[in-house]
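One is the number of the first residue; the rest follow in order along the sequence. Nothing here was measured: the structure is a model prediction, and the numbers come from that model.
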Amino acid sequence: MNISLFIAYLLHKFSDEVFTLGLYQCILSFLVACFVAIVSIPVIIKISELKSLMEKPGERRSHSTPTPTFGGIAIYAAILIAYFLWPSIDQTEIYRTNLSIVGMTILFFIGIKDDLVGIDPAKKLSFQVLAAMILILFGELRVDYLYGILGFHHIDEVVGIILTCFIFITLTNAINLIDGIDGLAGGIATIASGTFGSWFLLTNHFTMACLAFTLAGGLLGFLRFNFSKTSKIFMGNTGSLIIGFMLAFFAVRFVSLNASYRYEPTAFFNAPIIAIVILIVPIFDTLRVFLVRILAGRSPFSADRNHMHHILLDNGLSHINATIVLCGVSLLNTVMFLLLHRNISNTLSLIILGCLFGVYMFVSFTLKMRAKYVSETPLRRRAILRRELQNGITGKRIVDYL
């Protein structure tokens with residue numbers, strides 16, 4: 001679709017009374033969710049301080065003072081209030097979106113327990129599977145068409161269920177893993193939910209659009225405090241789990257709807273690639289960290305300061321600058337793929353993604369090596385550099401730098 005056709009399409013959409021009503025509902029949902037988050041977070045901060053429910057600084061923590069960590073409660077409340085405030089225009093998706101609220105509620109309580117007393121990783125994973133399977137089985141939500149990527153089109157139902165469950169678990173934990181500095185998880189999720197919501201709105205899936213913009217509004221209200229110096233709060237596992245789950249829901253529904261309407265002019269013939277690109281930062285960072293830990297002979301779930309946001313901080317960037325860099329990477333890649341996707345085949349798009357991941361690995365390697373040398377004294381730094389240039393950097397040392 002070229003620019004002139006797209007503008008004509010938008011003008012036609014805005015002349016549609018049902019679309020205009022859906023647009024107003026999305027805007028109101030966004031604003032109400034933002035308002036609920038803004039007015040509820042100060043109350044949560046006050047209660048957290050009175051009850052000493054604060055996250056203390058530590059070796060892997062990026063903050064220096066005890067900070068409340070229950071911002072996810074405000075995000076959850078914002079989604080519920082803004083979404084259920086008025087009846088849905090589009091009844092075709094309402095059962096699935098209601099089931100997503102059920103799954104989100106399960107993870108909300110798991111996140112609360114995790115933030116308060118901790119929870120066994122296996123138990124947390126089992127509840128993530130439960131939340132996903134509710135949507136997959138009762139809502140018949142699954143990826144069953146792969147758009148010809150590497151020659152695959154329709155896939156078996158059982159394979160589709162397993163793949164969809166894997167997507168939910170991966171994205172839920174990916175958002176949880178990048179929630180390490182101010183604004184990063186919230187910023188990435190705001191961009192992603194706004195992008196998915198815009199497509200749902202333009203294709204008349206108003207219930208999905210309303211839910212996506214509700215999440216974006218709640219996140220925007222949260223970010224106002226997450227960046228604050230005097231009233232700071234973290235989203236905690238409560239927030240990252242429900243956000244990751246909802247983004248996985250949007251991504252899977254985006255892929256399945258494009259498959260159902262793939263002959264419509266508004267459909268993306270490479271929807272899985274677009275979904276990956278929209279969430280490229282958490283996906284790439286999780287894949288890279290797991291790969292490096294495995295190569296180093298450690299569990300992929302072991303804790304370290306090896307995420308890209310840690311590397312950027314070690315190179316002297318502030319929280320807000322590191323967040324701007326990574327959110328900018330996410331937004332730039334999304335815009336570029338949306339503009340160029342019709343000229344690239346799915347298999348070629350996958351190859352491009354592989355090359356981008358290689359670039360991501362190289363950049364992280366370079367930045368981590370720089371941070372290691374910068375942390376040394378100038379004399380020792382020159383000695384280390386001279387020795388490694390003479391002897392060559394071994395595979396083990398490369399893993400250390402990755």
Side-chain angles (χ1 to χ4, degrees), residues 143 146-152 163 166-167 170-181 184-185 187-196 199 244 247-248 250-252 254-255 258 268-295 300 306-315 317 321-371 398-399 401-402:
V143 175
L146 294 182
Y147 297 77
I149 297 174
L150 298 177
F152 292 98
L163 176 60
F166 174 77
I167 292 171
T170 301
L171 291 181
T172 300
N173 287 287
I175 297 298
N176 183 251
L177 288 172
I178 68 166
D179 182 30
I181 61 173
L184 179 56
I188 293 292
T190 303
I191 294 170
S193 56
T195 304
F196 285 128
W199 185 85
L247 290 179
F250 298 148
V252 171
F254 171 77
V255 172
N258 274 282
F268 291 112
F269 73 93
N270 49 6
I273 303 295
I274 297 295
I276 292 172
V277 171
I278 292 172
L279 296 165
I280 194 168
V281 169
I283 291 174
F284 273 18
D285 193 58
T286 301
L287 182 59
R288 176 191 156 272
V289 167
F290 278 20
L291 181 61
V292 169
R293 290 171 183 171
I294 292 170
L295 289 174
N306 210 17
H307 293 280
M308 178 59 87
H309 54 265
H310 290 140
I311 296 173
L312 293 175
L313 293 182
D314 292 341
N315 275 272
L317 270 68
N321 287 336
T323 295
I324 289 172
V325 167
L326 293 175
C327 287
V329 168
S330 178
L331 189 59
L332 177 63
N333 278 279
T334 299
V335 171
M336 291 299 293
F337 265 82
L338 287 175
L339 290 175
L340 302 175
H341 75 99
R342 292 190 180 277
N343 301 319
I344 307 172
S345 69
N346 285 330
T347 301
L348 179 58
S349 296
L350 195 62
I351 294 172
I352 292 173
L353 280 180
C355 293
L356 286 176
F357 181 69
V359 172
Y360 186 80
M361 292 288 287
F362 175 77
V363 170
S364 64
F365 168 81
T366 304
L367 290 177
K368 189 161 186 180
M369 187 165 61
R370 178 182 182 275
I398 289 176
V399 170
Y401 285 127
L402 285 172

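- In Phe166, the CZ atom is not crowded: 12 or fewer heavy atoms of neighbouring residues, nucleotides or ligands sit closer than 6.0 Å.
- Proximity of a side-chain donor or acceptor of Thr170 to a complementary backbone N or O of Ile167 within less than 3.5 Å is not detected.
- When side chains are defined from C-beta on, Leu177 does not count as touching Asp285, because their heavy atoms never get closer than 4.5 Å.
- Remark: Tyr360 engages Phe284 in a ring pair (Phe, Tyr, Trp, His ring centres under 6.0 Å) (not counting sequence neighbours).
- Between Ile278 and Phe250 there is no side-chain heavy-atom pair separated by less than 4.5 Å.
- For Asn173, the side-chain hydrogen bond (donor to acceptor under 3.5 Å, both in side chains) partners two or more places apart in sequence, or in a different chain, are Gln128.
- Considering CD1 of Ile273 and CG of Leu350, their distance stands at 5.0 Å, rounded to 0.5 Å.
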Per-pair distances, 0.1 Å, donor-acceptor, side chain in residues 328-335, under 3.5 Å, sequence neighbours excluded:
unit_1 : atom_1 : unit_2 : atom_2 : d
Asn333 : ND2    : Val329 : O      : 2.7
Thr334 : OG1    : Ser330 : O      : 2.8

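- Residues satisfying the side chain to side chain contact (heavy atoms under 4.5 Å, CB included) test with Pro272, not counting sequence neighbours, are Tyr147, Ile149, Val255.
- Atom CG in Leu279 sits 10.5 Å away from atom OG1 in Thr286 (nearest 0.5 Å).
- Counting heavy atoms from C-beta on, the side chains of Leu171 and Val252 never come closer than 4.5 Å.
- Nearest heavy-atom pair across Ala185 and Ile175 is CB-O, 4.2 Å.
- Proximity of Asp314 to Arg370: side-chain heavy atoms (C-beta onward) are nowhere separated by under 4.5 Å.
- Closest approach of Gly180 to His309, counting heavy atoms only: CA-NE2, 3.6 Å.
- Atom CD1 in Ile188 sits 5.5 Å away from atom CG in Leu184 (nearest 0.5 Å).
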Apply side-chain contact (heavy atoms from CB on, under 4.5 Å) to the pair Asn306 and Lys368, showing each step before the final yes or no.
-> CA-CA 9 Å; Asn306 210 17; Lys368 189 161 186 180; 2.5 Å; yes
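- Under the side chain to side chain contact (heavy atoms under 4.5 Å, CB included) criterion, Leu312 pairs with Met308, Leu317, Ala322, Val325, Leu326, Leu367, sequence neighbours left out.
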Ile276/Phe337 under side-chain contact (heavy atoms from CB on, under 4.5 Å): CA gap, chis, key distance, verdict | CA-CA 11 Å; Ile276 292 172; Phe337 265 82; over 6 Å; no
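- A heavy-atom distance below 4.5 Å is found between the side chains of Ile280 and Leu353.
- In terms of modelled atom types and a separation under 3.5 Å, the side chain of Ser193 and the main chain of Thr190 share a donor-acceptor contact.
- Considering only residues two or more places apart in sequence or on other chains, Ile294 meets the side chain to side chain contact (heavy atoms under 4.5 Å, CB included) condition with Pro300.
- Every residue two or more places apart in sequence or in another chain that forms a ring pair (Phe, Tyr, Trp, His ring centres under 6.0 Å) with Phe196 is listed here: Phe254.
- Partners of Asn176 according to the side chain to side chain contact (heavy atoms under 4.5 Å, CB included) rule, which considers only residues two or more places apart in sequence or in another chain, are Asn237, Ser240.
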